[in-house]
2 protein chains.
Amino acid sequence: MEKVKILVVDDEARMRKLVKDFLIKKDYEVIEAADGQEAVDVFFEQNDISLVILDVMMPKMDGWEVLKEIRAYSRIPVIMLTAKGDERDELKGFDSGADEYISKPFSPKILVARVDALLRRSNLISEEEKIETGGIIMDKAAHTVTIEGKQIELSFKEFELLAYFMENQGIALSREKILNHVWNYDYFGDARTIDTHVKKLRSKMGDKGDYIKTIWGMGYKFEVN
Amino acid sequence: MEKVKILVVDDEARMRKLVKDFLIKKDYEVIEAADGQEAVDVFFEQNDISLVILDVMMPKMDGWEVLKEIRAYSRIPVIMLTAKGDERDELKGFDSGADEYISKPFSPKILVARVDALLRRSNLISEEEKIETGGIIMDKAAHTVTIEGKQIELSFKEFELLAYFMENQGIALSREKILNHVWNYDYFGDARTIDTHVKKLRSKMGDKGDYIKTIWGMGYKFEVN
DNA sequence: GAGTGATTTCATAATTTTGTCACATATTGC
DNA sequence: GCAATATGTGACAAAATTATGAAATCACTC
């Protein structure tokens, strides 16, 4: 399959590299531009860019101008990287046409998460629709889980949780990690709530519930056998 | 099969390229014209153009004039690209003879969706006309639905909704997805309206109403059994 | 315009899920 | 073995989502 192209615009090479490395790890294709003018040129040359990450502060042509140029022709998702000081609230009132704002400094992980979310929202990345392992079949499209031929009923969160486990087979997942992925990044509830969901999952999964192993002092791990 | 030809008229080369690339991806043949005069010339030269995408604002001869010229001889679908400011409502009252209006900036996806829809409407691209499943027969051409031999009466929206469900059997459909497909891409009403239509559909479908399953926290799914 | 049916919105009820708590149980390090 | 800490579990309250009926709005016809 064709890789999804992302245009990263920042005048600092370091920053571009940082972002690029993280995006490449997630199998995106990254195109760089070092200033606003170059960004606009590249954007219209390459006609198949799916998302733009745009630094606000740049020489020659700043991020807002670039955004304006792009928005004159296209609605593709744009993430703006704003400087530390810029209050998000100020930005909120003013509809610039950007889809997301991330203020520097940021965690590349969060950036990648937002990229994924935006692309998913615009249906540009489709994900694997079926995961099968150890007699458990998860069909994401149909939103169903079948264990040894029998379909089991899972709630939304249970489904998401099991999906996360199955996508990370054999990997120990800390509670924090689970919270960040299955719940929102901005969920600040009790981590123990995971325990409750794990309990329910295990009971609904019958024998196969044992596949969800407890890693004492750490979290959980999904493993067949 | 012959490709369907689409004429794209815009004075900005960038915009033409953007639109062209998206249409080519969907296997249309694209012919370009850079101004109104050229558009009219090309249109009458090439006699087998199936759809025209026409920018309103152009030097020499604007979109409205081109449209008038075309309409004097032909009924083929025309999509007008209007500038940001132009209020859609203003346009509505005034029957210009265009089939669709899309205001800039737009998402190329929406454009393509409209193109598909218009061509489908004018039978230039065809689709399956009958869907049959679990004792429900939907005849799209005749716009009828028969359940166990008895025809049931559905309103337009109900019909469209059921069609969408039946075309996506076994797939969980989010409310957002349903809105985008059954309503227009630019419908911004309440997603709860889907619930009401589902309720009516279910009741009109009798026993078979159970085929429309609720997926809690997500949307609906049509599934036989 | 009034009348009709389709569509949408709204308020409320019904339902389901989710999160929290308290207590039981298990694990670890000493 | 014993504290100290972490996890498992059941019950319940809180929160979120969906179903439903009715009213409001819209679109179209006569």
Side-chain angles (χ1 to χ4, degrees), chain A residues 143-145 152-165 172-223, chain B residues 88-89 92-93 95 143-145 152-165 172-184 186-206 209-223:
Chain A
H143 220 263
T144 57
V145 174
I152 62 171
E153 297 296 327
L154 295 183
S155 80
F156 185 75
K157 272 277 147 63
E158 288 157 10
F159 187 90
E160 298 280 307
L161 184 59
L162 181 57
Y164 186 56
F165 278 138
L173 302 166
S174 68
R175 286 193 167 63
E176 197 197 355
K177 235 180 182 174
I178 297 173
L179 271 191
N180 283 343
H181 285 260
V182 179
W183 278 257
N184 288 323
Y185 269 88
D186 52 3
Y187 174 81
F188 288 113
D190 194 340
R192 293 299 309 280
T193 192
I194 296 172
D195 299 28
T196 302
H197 282 271
V198 167
K199 169 192 54 165
K200 286 186 136 190
L201 251 185
R202 282 176 171 156
S203 83
K204 286 191 181 182
M205 289 167 69
D207 299 342
K208 310 277 185 189
D210 295 341
Y211 290 169
I212 302 174
K213 272 119 186 161
T214 301
I215 299 178
W216 217 86
M218 210 266 186
Y220 298 94
K221 177 170 70 165
F222 181 90
E223 202 169 41
Chain B
R88 192 144 184 202
D89 301 316
K92 260 190 188 166
D95 178 27
H143 220 263
T144 57
V145 174
I152 62 171
E153 296 297 326
L154 295 183
S155 78
F156 181 76
K157 271 279 146 62
E158 288 157 10
F159 186 88
E160 295 282 307
L161 183 59
L162 181 58
Y164 186 55
F165 277 139
L173 302 167
S174 69
R175 286 193 167 65
E176 199 195 353
K177 238 181 181 170
I178 297 173
L179 273 191
N180 283 342
H181 286 260
V182 179
W183 278 257
N184 288 322
D186 52 2
Y187 175 83
F188 288 114
D190 194 342
R192 296 273 124 209
T193 191
I194 296 172
D195 300 29
T196 302
H197 283 272
V198 167
K199 172 189 54 165
K200 288 186 131 191
L201 251 186
R202 281 177 172 156
S203 81
K204 286 190 181 181
M205 290 167 69
D210 294 341
Y211 289 169
I212 302 174
K213 272 124 187 158
T214 301
I215 298 178
W216 218 89
M218 213 263 183
Y220 297 94
K221 175 171 71 167
F222 181 90
E223 200 168 43

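Residue numbering restarts at 1 for every chain, and letters A, B, ... go by the order of the sequence lines. Since the model is a prediction, treat every value here as computed from it, not as a measurement.
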Distance below 4.0 Å between [X] side-chain N/O and [N] OP1 or OP2:
{"X": "Y220(B)", "N": "dA19(D)", "value": "yes"}
{"X": "R192(A)", "N": "dG8(D)", "value": "no"}
{"X": "S155(A)", "N": "dT18(C)", "value": "yes"}
{"X": "W183(A)", "N": "dG19(C)", "value": "yes"}

Could you tell me how far apart [X] ([atom1]) and [N] ([atom2]) are, to the nearest whole angstrom?
{"X": "E153(A)", "N": "dT17(C)", "atom1": "CD", "atom2": "C1'", "answer": "14 Å"}
{"X": "F156(B)", "N": "dT7(C)", "atom1": "CZ", "atom2": "P", "answer": "8 Å"}
{"X": "D195(A)", "N": "dA24(C)", "atom1": "CG", "atom2": "P", "answer": "18 Å"}
{"X": "L201(A)", "N": "dT17(C)", "atom1": "CG", "atom2": "C1'", "answer": "13 Å"}
{"X": "L173(A)", "N": "dT7(D)", "atom1": "CG", "atom2": "P", "answer": "14 Å"}
{"X": "D190(A)", "N": "dA6(D)", "atom1": "CG", "atom2": "C1'", "answer": "13 Å"}
{"X": "K213(B)", "N": "dA19(D)", "atom1": "NZ", "atom2": "C1'", "answer": "18 Å"}
{"X": "I215(B)", "N": "dT16(C)", "atom1": "CD1", "atom2": "C1'", "answer": "15 Å"}

**Study point:** Out of dT20(C), dT7(C), dT18(C), whichever nucleotide has its closest atom nearest the side chain of K157(B)
**Key:**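 Shortest atom-to-atom distance from the side chain points to dT7(C).
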For a quick check of understanding: with a heavy-atom distance under 4.0 Å over all strands, which category does [X] fall into, base, sugar-phosphate or nothing?
{"X": "L161(A)", "answer": "nothing"}
{"X": "F159(A)", "answer": "nothing"}
{"X": "T196(A)", "answer": "base"}
{"X": "T193(B)", "answer": "base"}
{"X": "K199(A)", "answer": "base"}

Exercise for review: For H197(A) and for L154(B), locate the closest nucleotide of DNA chain C by heavy-atom distance; then report the residue assigned to the nucleotide nearer the 5' terminus.
Suggested key: L154(B)
Plane angle bin for [Y] and [X] - parallel if under 30°, tilted between 30 and 60°, otherwise perpendicular:
{"X": "F222(B)", "Y": "Y211(B)", "answer": "perpendicular"}
{"X": "H197(B)", "Y": "W183(B)", "answer": "perpendicular"}
{"X": "Y164(A)", "Y": "H181(A)", "answer": "parallel"}

Exercise for review: Take M218(B) and R202(A), find for each the nucleotide of DNA chain D with the closest heavy atom, and name the residue whose nucleotide sits nearer the 5' end.
Suggested key: R202(A)
Review point. For W216(A) and G217(B), take the nucleotide of DNA chain D holding the closest heavy atom to each; which residue's nucleotide lies nearer the 5' end?
Key: W216(A)
Review point. Between I212(B) and M205(B), does a side-chain contact (heavy atoms from CB on, under 4.5 Å) hold up when you go through it step by step?
Key: CA-CA 10 Å; I212(B) 302 174; M205(B) 290 167 69; 3.9 Å; yes
Check your understanding: Pick one: which of I215(A), V182(A), I178(A) meets side chain to side chain contact (heavy atoms under 4.5 Å, CB included) with L173(A)?
Key ->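 Of the listed options, the one satisfying the test is I178(A).
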Review point. Among D195(A), I194(A), L201(A), which one satisfies side chain to side chain contact (heavy atoms under 4.5 Å, CB included) with V198(A)?
Key: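 Looking at D195(A), I194(A), L201(A), the match for V198(A) under the side chain to side chain contact (heavy atoms under 4.5 Å, CB included) is I194(A).
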